[in-house]
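This report refers to the structure that appears directly beneath it.
For this chain, numbers begin at 1 and follow the sequence in order.
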Amino acid sequence: MLHWSTSGELVMMAFLGGRYHFFGPLLGAALFRVMEEVLSSVTKEWMLFLGSLFILAVLFFPGGLADFLRRWAWNRR
């Protein structure tokens, strides 16, 4: 539990969900765990794919999942 990679996972969860939204890190944690479970059941190299998805998410969704969902809901009105 106190391995150095755990802090990296927490940072990834916060960035995926959105650091500037209250529930962003919670959404990021859920997304991270779901992707980890799905990818690890498909391949042994799941960390490579998860890291690649993380890089794409940071590039294309800089505000995280929470910001993307907020903008999507705003545009639907």
Practice problem: Decide side-chain contact (heavy atoms from CB on, under 4.5 Å) for Arg33 and Glu9; before the verdict, give the C-alpha distance in whole Å, the side-chain angles of both, and the deciding distance to 0.1 Å. | Solution: CA-CA 10 Å; Arg33 291 298 172 200; Glu9 288 180 0; 3.3 Å; yes
Quiz prompt | Minimal non-hydrogen separation, Gly24 against Ala66, with atom names | solution = CA-CB, 4.1 Å
Exercise. Rounded to the nearest 0.5 Å, what's the gap from OH on Tyr20 to CZ on Arg70? Could you check?
Key: 13.5 Å
Quiz item: Nearest 0.5 Å, what's the CG-OG1 distance between Leu39 and Thr43?
Solution: 8.5 Å
Self-check item: Which atom of Gly18 lies closest to which atom of Pro25, heavy atoms considered
Solution: O-CD, 3.5 Å
Quiz item: Could you state the interatomic distance from CE (Met35) to CG (Leu16), rounded to the nearest 0.5 Å?
Solution: 5.5 Å
Quiz item: Would Trp74 and Trp72 show up in the same hydrophobic cluster when neighbours are defined by side-chain heavy atoms closer than 4.5 Å?
Solution: no
Quiz item: If you round to the nearest 0.5 Å, how far is CG of Asp67 from NE2 of His21?
Solution: 4.0 Å
Quiz item: When clusters are formed by joining ILVMFWY residues with side-chain heavy atoms under 4.5 Å apart, either directly or through shared neighbours, do Leu53 and Val38 land in the same one?
Solution: no
Quiz item: Rounded to the nearest 0.5 Å, how far does CE of Met13 lie from CZ of Phe32?
Solution: 5.0 Å
Practice problem: Please answer: with hydrophobic residues joined when any side-chain heavy atoms are less than 4.5 Å apart, are Val58 and Leu10 in the same cluster? | Solution: yes
Quiz item: Roughly how far apart are Leu65 CG and Phe15 CZ, rounded to 0.5 Å?
Solution: 15.0 Å
Quiz prompt | Shared hydrophobic cluster for Val34 and Phe68 (ILVMFWY, side-chain gaps under 4.5 Å) | solution = no
Quiz item: According to a 4.5 Å side-chain heavy-atom criterion applied to Ile, Leu, Val, Met, Phe, Trp and Tyr, with indirect links allowed, do Phe60 and Leu69 form part of one hydrophobic cluster?
Solution: yes
Quiz prompt | Audit row: Glu36, Met47, side-chain contact (heavy atoms from CB on, under 4.5 Å) steps and yes/no | solution = CA-CA 8 Å; Glu36 180 182 13; Met47 286 188 275; over 6 Å; no
